[in-house]
Amino acid sequence: MGDTVNKMDATQKQSFWKSLKSEFKKITWPDRQSLVKQTVAVCVITVILGALIAGVDTVYKIGINWLLNL
């Protein structure tokens, strides 16, 4: 009985790797120009959002300090 379970395990593993390989063949990778544009866009948006969050945090900090000093 143990041999049957091991054979089924091996078959399932082979099937998994076979299907994984076929799925990887379906992937369409972006070209270099598109990848660079998207990377730059992500970096710019990250910096803008970081600055926005830092600004809001500073305003809240100033406001809370002002309220505590009343």
Report the distance from atom [atom1] of [X] to atom [atom2] of [Y], rounding to the nearest 0.5 Å.
X	Y	atom1	atom2	answer
K37	D31	NZ	CG	8.5 Å
I27	K25	CD1	NZ	12.0 Å
Q33	Q38	CD	CD	11.0 Å

Does F16 offer a backbone N or O that forms a donor-acceptor pair with the side chain of S19 under 3.5 Å?
-> yes
N/O donor-acceptor pair under 3.5 Å between S34 side chain and P30 backbone = no
Anything under 3.5 Å between a donor and an acceptor, one on a side chain of residues 48-70, the other on a protein residue two or more places apart or in another chain? List them.
unit_1 : atom_1 : unit_2 : atom_2 : d
T58    : OG1    : A54    : O      : 2.8
N65    : ND2    : K61    : O      : 3.3
N69    : ND2    : N65    : O      : 3.2

Salt bridge (charged side-chain N to carboxylate O under 4.0 Å, His left out) partners of K21, counting only residues at least two apart | none
Look at the side-chain heavy atoms of Ile, Leu, Val, Met, Phe, Trp and Tyr, link any pair under 4.5 Å apart, and say whether W29 and V36 land in one connected group.
-> no
Identified side-chain contact (heavy atoms from CB on, under 4.5 Å) counterpart of V42 within the set T46, I45, T39, V44 = T46
